[in-house]
Amino acid sequence: MSTDQKKAVVLLSGGLDSATVLAVAQSQGYECHTLSFDYGQRHKVELHAAQALANHFKVASHRVMQMNMHAIGGSALTDNLIDVPIEGVEDNQIPVTYVPARNTVFLSYALGLAEVLEADDIFIGVNAVDYSGYPDCRPEYIAAFETLANLATKAGVEGHRMHIQTPLISLTKAQIIQTGVQLGVDYSQTVSCYQANENGQACGVCDSCRLRKQGFKEAGIADPTRYVTLA
């Protein structure tokens, strides 16, 4: 491996979008360092998927950061007293699956790692088309965080500009899947479900499952997801 190969930190949840982002970053010639988070999420099985994906793509390094966002709560993904909705999301409403400040926390850790690795790029799989209305998936949020990254770091002050890369931000779920298939992503290894069981089987009815199922249908690609039922 060339010593001057450009480096990137890639946020890797183990889901469909982050797997595609990793494939995109690698296809662009980056030495990829993946970062996952054990943050008290209900669907912790996604971390096994993230490790499998990191192994499949032979990344330069893979880290799992430990944090307890369960102690904060406020989301169906981190508070077991809040049910994961299965009735869809109302227009113009931020769903209870939104985890307060999650992407800001995750990107902050990624920023710190990027500084240590002397990487100028951070890849994240946010999407502003087929998404659940999360405020921290919007282009203006990403632009604001990139500004912060270059104001608040030694690297930024010294002229090594940090870039937050969002290759999926304007793609539909179908387009994301088609891109990933072209780049060799095995989507059977990914876990997107908000309440997947310990075996990685998806519920088939939560918002994330519905978006995923519709994406495969519109892409004209067989859905490899393992569901608990045929829902």
Side-chain angles (χ1 to χ4, degrees), residues 9-19 21 34-51 63-113 122-149 152 164 166 168-169 173 190-198 200-213 228 231:
V9 174
V10 182
L11 294 181
L12 184 64
S13 69
L16 183 153
D17 292 343
S18 70
V21 165
T34 49
L35 187 60
S36 300
F37 296 88
D38 184 352
Y39 62 94
Q41 66 268 49
R42 179 191 296 263
H43 52 311
K44 191 172 293 189
V45 68
E46 69 177 5
L47 294 172
H48 299 300
Q51 182 66 66
R63 293 170 174 82
V64 179
M65 305 302 299
Q66 304 286 332
M67 64 181 65
N68 185 15
M69 298 187 81
H70 175 75
I72 297 174
S75 168
L77 301 191
T78 57
D79 187 339
N80 291 332
L81 298 179
I82 303 175
D83 292 334
V84 172
I86 60 173
E87 302 298 331
V89 178
E90 296 182 17
D91 291 341
N92 301 316
Q93 295 292 320
I94 297 174
V96 295
T97 50
Y98 163 70
V99 180
R102 182 177 62 178
N103 281 351
T104 301
V105 173
F106 288 2
L107 282 171
S108 296
Y109 273 83
L111 181 59
L113 178 59
I122 297 170
F123 281 76
I124 182 172
V126 294
N127 179 264
V129 181
D130 287 342
Y131 77 123
S132 297
Y134 301 150
D136 53 2
C137 289
R138 297 174 297 165
E140 52 266 47
Y141 164 75
I142 295 299
F145 192 93
E146 182 171 290
T147 297
L148 177 152
I164 311 299
T166 58
L168 312 184
I169 200 159
K173 190 67 73 178
T190 64
V191 174
S192 300
C193 179
Y194 290 148
Q195 50 188 354
N197 65 22
E198 293 181 356
Q201 293 174 307
C203 72
V205 293
C206 70
D207 189 44
S208 183
C209 280
R210 281 197 301 273
L211 287 172
R212 180 179 169 120
K213 290 166 75 172
V228 174

(request) May I ask you to decide if Asp79's main-chain N or O and Arg42's side chain share a donor-acceptor pair within less than 3.5 Å? (result) yes
(message) Any non-hydrogen side-chain atom of Met67 less than 4.5 Å from a side-chain atom of Tyr109?
(response) yes
(message) How close do Val45 and Asn197 get, counting heavy atoms only, and between which atoms?
(response) CG1-O, 3.5 Å
(message) List the residues meeting salt bridge (Lys or Arg N to Asp or Glu O under 4.0 Å) with Glu198, not counting sequence neighbours, and say none if there are none.
(response) none
(request) Can you see which heavy atom on Cys137 is nearest to which on Ile169, and at what distance? (result) O-CD1, 4.0 Å
(message) Testing the basics here: between Val191 and Gly200, what is the closest heavy-atom pair and its distance to 0.1 Å?
(response) CG2-O, 4.2 Å
(request) Taking only Lys NZ, Arg NE, NH1 and NH2, and the carboxylate oxygens of Asp or Glu, determine whether Asp17 and Lys173 approach each other closer than 4.0 Å. (result) yes
(request) For residues Val126 and Thr166, report the shortest heavy-atom separation together with the two atoms involved. (result) CG2-CG2, 3.6 Å
(message) Would you compute the distance between atom SG of Cys193 and atom CG of Asp207 and round it to the nearest 0.5 angstrom?
(response) 11.0 Å
(request) Calculate, to the nearest 0.5 Å, the distance between atoms NE2 and CG belonging to His43 and Leu77 respectively. (result) 5.0 Å
(request) For the pair Ser36 (side chain) and Val64 (backbone), establish whether a donor and an acceptor sit closer than 3.5 Å, ignoring hydrogens and angles. (result) no
(message) Let me confirm one number: the CZ-CZ distance from Arg210 to Arg212, rounded to the nearest 0.5 Å.
(response) 15.0 Å
(message) If I take atom SG from residue Cys206 and atom CG from residue Asp83, how far apart are they, to the nearest 0.5 angstrom?
(response) 12.5 Å
(request) Indicate the atoms forming the closest heavy-atom contact of Ile94 with Pro135, along with that distance. (result) CD1-CD, 3.9 Å
(message) Applying side chain to side chain contact (heavy atoms under 4.5 Å, CB included) to Ile164 and Ile124, what does each step give before you reach the verdict?
(response) CA-CA 7 Å; Ile164 311 299; Ile124 182 172; 4.0 Å; yes
Which pairs would a plain distance check flag for residues 99-107, meaning a side-chain donor or acceptor within less than 3.5 Å of a matching protein atom at least two apart in sequence or in another chain?
| from | atom 1 | to | atom 2 | distance (Å) |
| --- | --- | --- | --- | --- |
| Arg102 | NH1 | Tyr39 | OH | 2.8 |
| Asn103 | ND2 | Asp136 | O | 2.8 |
| Thr104 | OG1 | Tyr141 | OH | 2.9 |

(request) Give, for atom CG of Leu11 and atom CE of Met65, the distance between the pair rounded to the nearest 0.5 Å. (result) 11.5 Å
(request) Indicate whether the side chain of Ser192 and that of Ser208 have a donor and an acceptor atom separated by less than 3.5 Å. (result) no
(message) To check you understand the geometry: which heavy-atom pair defines the closest contact between Lys213 and Gly204, and what is its length?
(response) NZ-O, 3.4 Å
(request) Supply the atom-to-atom distance Gln41 CD to Leu47 CG, rounded to the nearest 0.5 angstrom. (result) 5.0 Å
(request) Could you please spell out the steps behind the side chain to side chain contact (heavy atoms under 4.5 Å, CB included) verdict for Tyr134 and Thr97? (result) CA-CA 9 Å; Tyr134 301 150; Thr97 50; 2.7 Å; yes
(message) Would you say that Tyr194 contacts Cys203 through its side chain, given a criterion of any heavy-atom pair below 4.5 Å between the two side chains?
(response) no
(request) Among residues two or more places apart or on two chains, list those pairs meeting side chain to side chain donor-acceptor pair (under 3.5 Å) that have a residue in residues 63-72. (result) Ser61-Arg63
